[in-house]
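Every chain is numbered from 1 and lettered A, B, ... according to where its sequence line falls, protein lines coming before strand lines. All values below were derived from every heavy atom in this structure, side-chain atoms included, with hydrogens, water molecules and symmetry-related copies excluded. Computed from a predicted structure; not experimentally measured.
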Number of protein chains: 2
Amino acid sequence: MCRMARPRKPLLNRDRIAQAALALIDAEGLAALSTRRLAAELGVSGPSLYNHFATKEAILDAAADTVVAQVDLSMFGGRGPGPGAGANGTRDSGAGAGSGASGGDWPDALLAWGRSYRAALADHPHIVPFLATGPGLRPAGLRMADAVFGGMVDAGWPPAHATRIGALMRYFVTGSALGSFAGGFVGDAAAYDPADYPHLGQAHLLAGHREQVDLGAFETGLRALIDGLALQFQVLRTADR
Amino acid sequence: MCRMARPRKPLLNRDRIAQAALALIDAEGLAALSTRRLAAELGVSGPSLYNHFATKEAILDAAADTVVAQVDLSMFGGRGPGPGAGANGTRDSGAGAGSGASGGDWPDALLAWGRSYRAALADHPHIVPFLATGPGLRPAGLRMADAVFGGMVDAGWPPAHATRIGALMRYFVTGSALGSFAGGFVGDAAAYDPADYPHLGQAHLLAGHREQVDLGAFETGLRALIDGLALQFQVLRTADR
DNA sequence: ACCTGAACACCGTTCAAGT
DNA sequence: ACCTGAACACCGTTCAAGT
């Protein structure tokens, strides 16, 4: 038998594909991602991708997971980003060396996590509809759910409540990263007939402050959410004794 | 010239198309909606649709708007569903005849609206990713934004705050209707290695209580949100004098 | 005005073939 | 093991043609 010169370095691997997919989505939107287009971007023929991923959806899953892997979880006493997070560290990992949310500082942990979570998604807005719809079975998503649940239980929340907190925070953050509220209004004053929409007279001004409005609403909502949970926490604690 | 027998009733109109599109999405998911498939469902040839809508996206816009048109707005003193809402009335329009959220009962109005909003989206979960991403320029969405803004301003919120409340409620409701939290976990106890996910030991149980968990998290979050806003409202009112 | 068939430039995925 | 070209069954949309 002749020896084959075959092991001449594969052109593709899963990381390279997921990375290129995310870059393409960031640049041109979810709809621009086709397997053929992605393959071309990687200098390869369309069907080649199927040697590394079973379906296009699996490629999207991998891309989405790299986004969630960027969320800072250190405030829950976790061990930084997991094994799949690659070279770059977490984002927004301010404050002291990961001491965890012991005692009563779960509201601060929730606040910091919520901001980091939103920032990670806002960096890649076009993949959020896919990311938010999907089942969340992806490793980084599970790691996040694990850290939040553990952090809330450690802080004194009953397990059933800790689960709900993880869920409701996910609702709010994905919802806020998904669609712009302010961006839903057009910058033309004549667009909103007072007869149809009596209170929308100033709505056209929102278009010019898109990011401010959306960030302000996010911050207001996040604080309200945490304040409201703190109220319920008090009720639980006093009922305890 | 001979007289032509042309006006023999058009086979299609915008309402019929939007209705059929929504039915198809409800039954088989967003991905199942293709112009060709939809046309076949309507007993017509593919390109026919383009006599009534400019693009497939415009069809989706119309379908999405019929969903939002089902949301009850009577708690804001509005005049029921708008002109585009069709024959069926609003949903969850309980309580007394639309007297509006005068005085200090804005928290009740927000609570009732939030529930009706979520219920409307939960009736058509497959269209939510599209609905939430889109710009919200659709008539029913504008009518809703107008009613909420007006209701909050009438109740005593400063306009900038009223805008944020509309936005943050939209974030939370669309996020909660978009993806199931509990559905993100698989019903298999062996799926979550304790070495990777130390706190997810009971997570597999969530899969069996999908709707309960998601609804419970929504209710907890909605109450927390409104309680937190009430706290801020107090601060505003006392600062006023 | 409204519907049709043919056509264009795309899709995701499979598969036999090459190395 | 990994990549290729050809092929299959689809897409959204345009357009000339019919009534």
Do any side-chain nitrogens or oxygens of [X] fall under 4.0 Å of OP1 or OP2 in [N]?
| X | N | answer |
| --- | --- | --- |
| B/H52 | C/dA1 | no |
| B/T35 | D/dC11 | no |
| A/S45 | D/dC3 | no |

For the side chain of [X] and the backbone of [Y], is there at least one donor-acceptor N/O pair under 3.5 Å apart?
| X | Y | value |
| --- | --- | --- |
| A/S176 | A/F218 | no |
| A/R118 | A/E219 | no |
| A/S116 | A/W113 | no |
| A/S34 | A/R37 | yes |

Out of [options], which nucleotide sits closest to the side chain of [X]?
| X | options | result |
| --- | --- | --- |
| A/K56 | C/dT13, C/dC3, D/dC11 | C/dT13 |
| A/P47 | C/dT14, C/dC2, D/dT13 | C/dT14 |
| A/N51 | D/dT4, C/dG12, C/dC3 | D/dT4 |
| B/Y50 | D/dT14, C/dT14, C/dT4 | D/dT14 |
| A/P10 | C/dC3, D/dG5, D/dC2 | D/dC2 |

Nearest-angstrom distance from the residue atom [atom1] of [X] to [atom2] of [N]:
| X | N | atom1 | atom2 | answer |
| --- | --- | --- | --- | --- |
| B/L38 | D/dC11 | CG | C1' | 14 Å |
| B/R37 | C/dC11 | CZ | C1' | 18 Å |
| B/L49 | C/dA1 | CG | C1' | 16 Å |
| B/I59 | D/dC11 | CD1 | P | 14 Å |
| B/E57 | D/dG12 | CD | C1' | 12 Å |
| A/R16 | D/dC3 | CZ | C1' | 14 Å |
| A/L42 | D/dC2 | CG | P | 16 Å |

key: Test item: A/F130 and B/P129 side chains (from C-beta on) under 4.5 Å apart, heavy atoms   =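 The answer is no; the side chains never approach within 4.5 Å.
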query = According to the Watson-Crick and G-U wobble definition with distances under 3.5 Å, which dot-bracket string, read 5' to 3', encodes DNA chain C, using [ ] for crossing pairs and | for pairs with another strand?
reply = ||.|||||...|||||.||
query = Looking for any heavy atom pair under 4.0 Å, which part of the strands does A/S48 touch: base, sugar-phosphate only, or nothing?
reply =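 Answer is base: heavy atoms of A/S48 come under 4.0 Å of a base.
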request  = Using a 4.0 Å heavy-atom cut-off across all strands, classify A/L33 as base, sugar-phosphate, or nothing.
outcome  =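 Sugar-phosphate contact only.
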message = Are there over 12 heavy-atom neighbours, none belonging to B/E41, within less than 6.0 Å of that residue's CD?
response =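 Atom CD in B/E41 is packed in, count exceeds 12.
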Residue whose nearest DNA chain D nucleotide is more 5′ - A/L12 or A/R36 =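 Here A/L12 is the residue nearer the 5' end.
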ask   = What are the two closest non-hydrogen atoms of A/D146 and B/H199, and how far apart are they?
value =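 Closest heavy-atom pair between A/D146 and B/H199: OD1-N, 2.6 Å.
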ask   = Any idea which heavy atoms bring A/L222 and A/R115 closest together, and the distance?
value =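 Taking every non-hydrogen atom into account, CD2-CG, 4.1 Å.
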